[in-house]
2 protein chains.
Amino acid sequence: MARLSDIIENFIKDMIEETDGEVEIQRNELASYFNCVPSQINYVIATRFNSERGYFVESKRGGGGHITISRMSTDKPYDYFMHIILSMGDEISQHSADIYIENFIDLNIISESDKKLLKAAVNDNSLKSIPVFLRDRVRADILKNMLMKIII
Amino acid sequence: MARLSDIIENFIKDMIEETDGEVEIQRNELASYFNCVPSQINYVIATRFNSERGYFVESKRGGGGHITISRMSTDKPYDYFMHIILSMGDEISQHSADIYIENFIDLNIISESDKKLLKAAVNDNSLKSIPVFLRDRVRADILKNMLMKIII
DNA sequence: TATAATAAAGTCAGAGAAAGTCAAAGGTGA
DNA sequence: TCACCTTTGACTTTCTCTGACTTTATTATA
């Protein structure tokens, strides 16, 4: 029994397919097309088009507002990256972040310029305001988030 | 879905482009060209051409009045970056960070790949483990740290 | 030379448009 | 039955557009 959310999910996926990876929708328009409340569109997006599933979403409110959903590319580097990212664990020290980053350079997966920014983002200077007990967790979040964006 | 404000924004940006960084407009004339009230021009200027976005604006009222919009010079990227970084303050919202980053793209001083990484590093998803009251401070630290690395 | 008329631009609050949030209620499958 | 999805809708936030009113500068006139 396909639920409405599944139907909307597939509808959006078809649109993304047709438009080559990125689609712009109007929340209210889509909701009225499916005869549901607008917030159901948010539910579908939150549960089906989040970054764990390889999508990212931007939106704008007000007149002319819209929601843009993009799919990350699904070629091999993507799978490889995802594997590494998923294996990373929830906390990473500055030292081991540096090792990961150097490794990516060795493997030719990221550019020197990416490396500079990755290191700048996750070094202790950037994170100096965060209580120490939280720092390695935030570092892991940032590093993973950035790596995910590299493969988009 | 481009709103009138977006259209006016692009119109002004094209003019700035053609005139190499500075343009002088008549508010009423522009408003009647676009069939809108004059104060909409103020709205566009306030939201699209503020200093956060790398512009500054001067004007004069009365007969022969006008509005002059200038884009900050990017001849010396180092100076420009330093200026922006120094003007940033100790706390930055995600929205405001995005505006800074988009502006760097508009002015061609960072690459698309830099943009992706900057945005990924400072979005709320990366910083979700940080208590909200600290988040904007950490975001500012990370953004500044990364920008500094770009100019080195 | 004062003063009045005119010609700009500035301000601000309100209406309207669109998306976001969140908790409560309703289903469903193991 | 019970935990976990889905669905709903009231309320919130953000962005855009408008118009009445204000301020400032220039020009014409007494």
Side-chain angles (χ1 to χ4, degrees), chain A residues 1-13 15 23-53 55-70, chain B residues 1-13 15 22-53 55-70 92-99 102-103 123-125 128 132 135-136:
Chain A
M1 194 83 71
R3 296 173 185 37
L4 184 51
S5 287
D6 299 327
I7 295 169
I8 296 174
E9 173 188 3
N10 287 325
F11 183 83
I12 294 175
K13 282 186 172 162
M15 287 207 294
V23 78
E24 185 178 299
I25 63 176
Q26 311 280 130
R27 191 183 72 150
N28 291 343
E29 190 183 284
L30 197 59
S32 90
Y33 180 78
F34 284 107
N35 263 301
C36 63
V37 295
S39 57
Q40 180 144 15
I41 307 300
N42 295 84
Y43 176 71
V44 172
I45 289 172
T47 55
R48 272 68 165 186
F49 296 94
N50 50 32
S51 68
E52 287 96 75
R53 290 168 198 248
Y55 295 88
F56 73 106
V57 176
E58 289 170 301
S59 70
K60 194 183 157 201
R61 306 187 189 187
H66 57 86
I67 301 174
T68 305
I69 304 175
S70 325
Chain B
M1 206 68 74
R3 257 8 197 191
L4 184 52
S5 288
D6 300 326
I7 295 167
I8 297 174
E9 172 187 3
N10 288 325
F11 184 83
I12 294 175
K13 282 187 171 164
M15 288 207 294
E22 182 168 310
V23 77
E24 186 177 298
I25 63 176
Q26 310 283 128
R27 190 182 74 150
N28 291 344
E29 188 184 287
L30 197 58
S32 89
Y33 180 77
F34 284 108
N35 262 302
C36 64
V37 295
S39 57
Q40 180 144 15
I41 307 301
N42 295 85
Y43 174 71
V44 172
I45 289 171
T47 55
R48 273 67 165 184
F49 296 95
N50 51 31
S51 70
E52 202 171 51
R53 290 173 160 82
Y55 295 88
F56 65 103
V57 176
E58 291 169 300
S59 70
K60 196 185 152 199
R61 306 186 189 187
H66 58 87
I67 302 174
T68 304
I69 304 175
S70 328
I92 299 175
S93 69
Q94 170 171 352
H95 183 62
S96 175
D98 284 345
I99 290 172
E102 286 298 339
N103 183 237
N123 76 21
D124 279 337
N125 192 36
K128 61 179 183 290
V132 174
R135 225 173 259 179
D136 287 351

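Protein chains get the first letters and strands the later ones, always in sequence-line order, with residue 1 at the start of each. When reading the values below, keep in mind they use all heavy atoms of this one structure, side chains included, and skip hydrogens, waters and symmetry mates.
What separates CD of A:Q40 from P of D:dC5 is a distance of 15 Å, to the nearest Å. The nearest whole Å value for the distance from the CD1 atom in A:I41 to the P atom in C:dA19 is 10 Å. Here the P atom of nucleotide D:dT14 and the CD atom of A:E58 are 17 Å apart, to the nearest Å. Distance, A:N28 CG to D:dG9 P: 14 Å, rounded to whole Å. Counting to the nearest Å, the P atom of D:dC15 and the CG atom of B:D6 are 12 Å from each other. To the nearest angstrom, C1' of C:dG10 lies 15 Å from CD of B:Q26. Note: OH (A:Y43) to C1' (C:dG26) measures 13 Å, nearest angstrom. B:I45 places its CD1 atom 16 Å from the C1' atom of D:dT16, with the value rounded to the nearest Å.
With hydrogens and angles disregarded, a donor-acceptor distance shorter than 3.5 Å links the side chain of A:R53 to the backbone of A:T47.
Side-chain contact, B:S5 with B:Q40: a donor N or O sits under 3.5 Å from an acceptor N or O.
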Pair up each side-chain donor or acceptor in residues 25-39 of chain B with any protein partner under 3.5 Å, not counting sequence neighbours, and list the distances.
residue : atom : partner : partner atom : Å
B:Q26   : NE2  : B:G65   : O            : 3.2
B:R27   : NH1  : B:N42   : OD1          : 2.6
B:S32   : OG   : B:E29   : O            : 3.3

Under-3.5 Å N/O pairs linking protein and nucleotides 21-24 of chain C:
none

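By the 4.5 Å heavy-atom criterion applied to side chains, B:F56 and B:S51 are not counted as neighbours. Put simply, the side chain of B:E52 does not reach to within 4.5 Å of the side chain of B:N103, judged on heavy atoms.
Put simply, B:R48 has a side-chain N or O that comes within less than 4.0 Å of OP1 or OP2 on D:dT16. At the phosphate of D:dC17, OP1 or OP2 sits under 4.0 Å from a side-chain N or O atom of B:S5. The shortest distance between the side-chain N/O atoms of A:K60 and the OP1/OP2 oxygens of C:dG20 is not below 4.0 Å. A close approach under 4.0 Å does occur between a side-chain nitrogen or oxygen of B:H95 and OP1 or OP2 of D:dC15.
Checked against A:I67 for a side chain to side chain contact (heavy atoms under 4.5 Å, CB included), the options A:V57, A:V23, A:I12 give a single hit: A:V57.
Across D:dT18, D:dT8, D:dT7, the shortest atom-to-atom separation from the side chain of A:R3 is found for D:dT7.
Residue contacts for B:G65: at a heavy-atom cut-off of 4.0 Å it reaches the sugar-phosphate backbone alone, with no base atom in range.
Note that the CD1 atom of B:I45 and the OH atom of B:Y55 stand 12.0 Å from one another [nearest 0.5 Å].
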